[in-house]
Asks: 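Structure provided below as structure tokens; questions to follow.
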Amino acid sequence: MTLTPDTTRRSSDDIDLLQVLETLRRAWIPLTVVPVVLAAATYLISSRQAPTFEAGTSLMSSMPDTSNDTLKGASVTASQLPQGAVDEVIHSRASVARITDLIGKSSLPADIKAKITADLANELANDKYARVTVKARLDQQQRGVYDLKASAESPEAARLLANAAAASLLAWDVERARSGVARARENLQRQLDNLNARLGALTPGSLEAQSLVAARGQLLLNLSQATVFEEGASGNLTLLAEANAPRRPVTPKPTRNAALVFLLSLFAGAGVALLTDALRRRVRNAGDVLQLGVNTLGELPRVPRIKRGQVVGLARTGQLYEPSGFIRVNVASAIPETSAVIAVTSPRPGEGKSTLVATLATSYSTAGKKILIIDMDLHRPSQQEYWSVSGRPWVPLAGNTVPLRCDVTQAIEHPTQASALDVGGGVHYLPAGETGRRAAALLSRPDLPDLLRRWAADYDLVLLDTPPVLALADAYVIGQKMDGMILVVESGETSLPELQRVLGTIGSTGAQLIGVVINKVAKSGAGYYYNYNYNTIPKP
């Protein structure tokens, strides 16, 4: 039966999944080759990169603030650090200078020392840091652990750089604790100097002098304690463990990089293929055509590695037998039973209009019908490639009594000499012959429709193989006076905008469109009858 927009179809989810799989199947070569090539290139490039090693150490921040009455409240332990302070300190100019000095005194090779020193200076100038990084794991009281990571060209260099960064940070922390005690000590020293000056101005042994002497003794004791506290002041940070030399580099990792590039390029390629397919909006199956409100006469499956000369055989007993039979049934319901004339065309070249003419003629002939094929594509005729014409007899067409060798141009110009080749099975074939503009101009003759009707009187069906409609207007001119037109589109190649444009033009010319045939449909999208095989039925 003829498919209509009301015909029940599969759910949209099933159709979308099949379309996605079919799109990816068609693009499987670039989808696999490109990721493999990129992954191989990534592996080679990564393998040639210099290795980078990373060592780490940890500092703990947990000591509470303490003070001493002797120092008038001055802290002898560094205060808790605010969020982000350690990261700022480790990348300060003073810390970088201290780290550079420690690396310079190490036993590392001179080239590695120079590279680390230059990188630290550049990072300081650009305010972007990679050699030494800090990650804090603190609670609300800013107590916790600071993880220091150092990257270098060798395991030993990474270890020394991490330890140098930790030493620099610890030294800064102790210095800031000592600075508070030092300020308290300096204040006590100024008080003592002032007291000594006052004693020098008083009479020795006086009551005031004795009081000042007692006060001076206390200041001297406090000053002595302040000096001791300054030497023993401690920071807020404590080294948990020194860095160890790493065994394996953190970069490069050729296998991991190649795998990531392969997966990313594979997904990206699949996305591009699906996006391109969606933007092109190509016809895939009958559902796409039905959305435009056009009847679908049937689908011809894609048959790989087939030559045009094999099409007729496949339409008689092979893979094209069932699908061409469905198309014949649908066409027969829309045209007269005898002497019908149908023009077959396509939007663009190569979509399969000539294949449909050959298969439809073969299907009709197997049903006992008499068929006349006229190759009216006078620009690029191809029907001669489908039929075995060597040694075949010529038969006269209506209006002629003498069978002579003939072609379309000769038959139109001299109807009394019109003859066709009997290619067997009740199929007669009138070849195109001369091609070009002069021959194509004959298709516009006003008496051509009457001439075709005269020839059709002796046949059940006349099939006209006409040129593509997006390139030439011949099919429109011929189809206006015929019993109908069949439009052949190629699955996955004909775009919906192209099909809409052709349908609009056919409607405006007044030609009667019988329906659309979808050619080269992939196996996954074809109807059930394309895969049906009588040989698979189990014998009782």
Asks: Using 4.0 Å as the upper bound for N to carboxylate O, is an ion pair formed by Arg348 and Glu498?
Replies: yes
Asks: Rounded to the nearest 0.5 Å, what's the gap from CG on Leu404 to CD on Gln410? Could you check?
Replies: 9.5 Å
Asks: For a 4.5 angstrom cut-off between non-hydrogen side-chain atoms, does Leu320 reach Pro301?
Replies: yes
Asks: Kindly say whether Lys128 contributes a backbone atom to a donor-acceptor pair with the side chain of Asn126 at under 3.5 angstrom?
Replies: no
Asks: Within the structure provided, determine whether Thr416 and Asn400 are in side-chain contact (heavy-atom separation under 4.5 Å).
Replies: no
Asks: Is there a side chain to side chain contact (heavy atoms under 4.5 Å, CB included) between Phe262 and Leu38? Walk through the geometry before answering.
Replies: CA-CA 7 Å; Phe262 177 83; Leu38 292 178; over 6 Å; no
Asks: Taking atom CZ as the centre, does Arg380 end up with more than 12 heavy-atom neighbours from other residues, nucleotides or ligands that are less than 6.0 angstrom away?
Replies: no
Asks: More than 12 heavy atoms of other residues, nucleotides or ligands under 6.0 Å from CZ of Arg405: yes or no?
Replies: no
Asks: So, are Arg302 and Glu493 salt-bridged, with charged N and O less than 4.0 Å apart?
Replies: no
Asks: Would the distance check show the side chain of Gln310 and the main-chain N or O of Lys307 forming a donor-acceptor pair, the cut-off being under 3.5 Å?
Replies: yes
Asks: Sub-3.5 Å donor-acceptor pair from the side chain of Thr345 to the main-chain atoms of Pro467, do we have one?
Replies: yes
Asks: Walk me through whether Tyr386 and Thr355 qualify under side-chain hydrogen bond (donor to acceptor under 3.5 Å, both in side chains).
Replies: CA-CA 8 Å; Tyr386 291 87; Thr355 298; 2.7 Å; yes
Asks: Going through the distances and angles, do Ile29 and Val33 end up as a side chain to side chain contact (heavy atoms under 4.5 Å, CB included)?
Replies: CA-CA 6 Å; Ile29 294 180; Val33 172; 4.1 Å; yes
Asks: Could you tell me if the side chain of Thr362 sits less than 4.5 Å from the side chain of Ile371, heavy atoms only?
Replies: no
Asks: Determine, stepwise, if the pair Asp460 / Tyr364 fulfils side chain to side chain contact (heavy atoms under 4.5 Å, CB included).
Replies: CA-CA 9 Å; Asp460 295 301; Tyr364 263 92; 5.7 Å; no
Asks: Taking the side chain as C-beta and beyond, is there a heavy-atom pair between Leu356 and Leu463 under 4.5 Å?
Replies: no
Asks: Do Tyr129 and Leu124 have side chains that get closer than 4.5 Å, going by heavy atoms?
Replies: yes
Asks: Given 3.5 Å as the limit, does a donor-acceptor pair link the side chain of Thr435 with the main chain of His379, or not?
Replies: no
Asks: Going by an N to O cut-off under 4.0 Å, is there a salt bridge joining Asp111 and Lys115?
Replies: no
Asks: With no hydrogens and no angle check, is any side-chain donor or acceptor of Thr117 less than 3.5 Å from a backbone partner on Ala114?
Replies: no
Asks: Quick one: pull up OG in Ser346 and CG in Leu499 and give me the separation to the nearest 0.5 Å.
Replies: 11.5 Å
Asks: Locate the shortest heavy-atom distance separating Pro403 from Trp394; write the atom from each residue and the value.
Replies: CB-O, 3.2 Å
Asks: Taking C-beta and beyond as the side chain, do Tyr476 and Thr505 meet within less than 4.5 Å on heavy atoms?
Replies: yes
Asks: Kindly give the heavy-atom pair with the smallest separation between Asn330 and Leu297, and that separation in Å.
Replies: ND2-O, 2.5 Å
Asks: Can you give me the closest heavy-atom contact between Val427 and Trp387, atom names plus distance?
Replies: CG1-CH2, 3.9 Å
Asks: Compare every heavy atom of Ser419 with every heavy atom of Pro396, then report the nearest pair and how far apart it is.
Replies: CA-OG, 3.9 Å
Asks: Begin with the C-alpha distance, continue with both residues' side-chain angles, and end with the deciding distance and a verdict on salt bridge (charged side-chain N to carboxylate O under 4.0 Å, His left out) for Arg453 and Asp483.
Replies: CA-CA 10 Å; Arg453 290 295 181 185; Asp483 294 309; 2.8 Å; yes
Asks: Hey, does Leu448 have a side-chain heavy atom less than 4.5 Å from the side chain of Leu442?
Replies: no
Asks: Can you tell me how far NZ of Lys369 sits from OG1 of Thr338, rounded to the nearest 0.5 angstrom?
Replies: 8.5 Å
Asks: Distance check, rounded to the nearest 0.5 Å: Leu360 atom CG versus Ile486 atom CD1?
Replies: 5.5 Å
Asks: What distance separates Leu44 CG from Gln49 CD, expressed to the nearest 0.5 Å?
Replies: 11.5 Å
Asks: Quick check on side-chain hydrogen bond (donor to acceptor under 3.5 Å, both in side chains): which of Asp377, Asp465, Asp375 does Gln383 satisfy it with?
Replies: Asp465
Asks: Does any N or O in the side chain of Thr296 come within less than 3.5 Å of the main-chain N or O of Val516, such that one atom is a donor and the other an acceptor?
Replies: no
Asks: With a 4.5 Å limit on heavy-atom distance, are the side chains of Arg445 and Glu413 in contact?
Replies: yes
Asks: Run the side chain to side chain contact (heavy atoms under 4.5 Å, CB included) check on Leu496 and Val283 step by step: do they pass?
Replies: CA-CA 6 Å; Leu496 287 176; Val283 176; 3.6 Å; yes
Asks: If you compare all heavy atoms of Leu300 against all heavy atoms of Ser324, which two are closest, and at what distance to 0.1 Å?
Replies: CD2-N, 4.3 Å
Asks: Give the minimum heavy-atom separation between Ala150 and Ala162, together with the two atoms involved.
Replies: CB-N, 3.5 Å
Asks: Spell out, as yes or no, whether a donor-acceptor pair under 3.5 Å connects the side chain of Glu123 to the backbone of Ala130.
Replies: yes
Asks: Determine the interplanar angle of the Tyr459 and His428 rings, folded into 0 to 90°, and report it as parallel if under 30°, tilted if 30 to 60°, perpendicular if over 60°.
Replies: perpendicular
Asks: Using 4.0 Å as the upper bound for N to carboxylate O, is an ion pair formed by Lys370 and Asp458?
Replies: no
Asks: To the closest 0.5 Å, what do you measure between CG (Leu161) and CD (Glu156)?
Replies: 11.5 Å
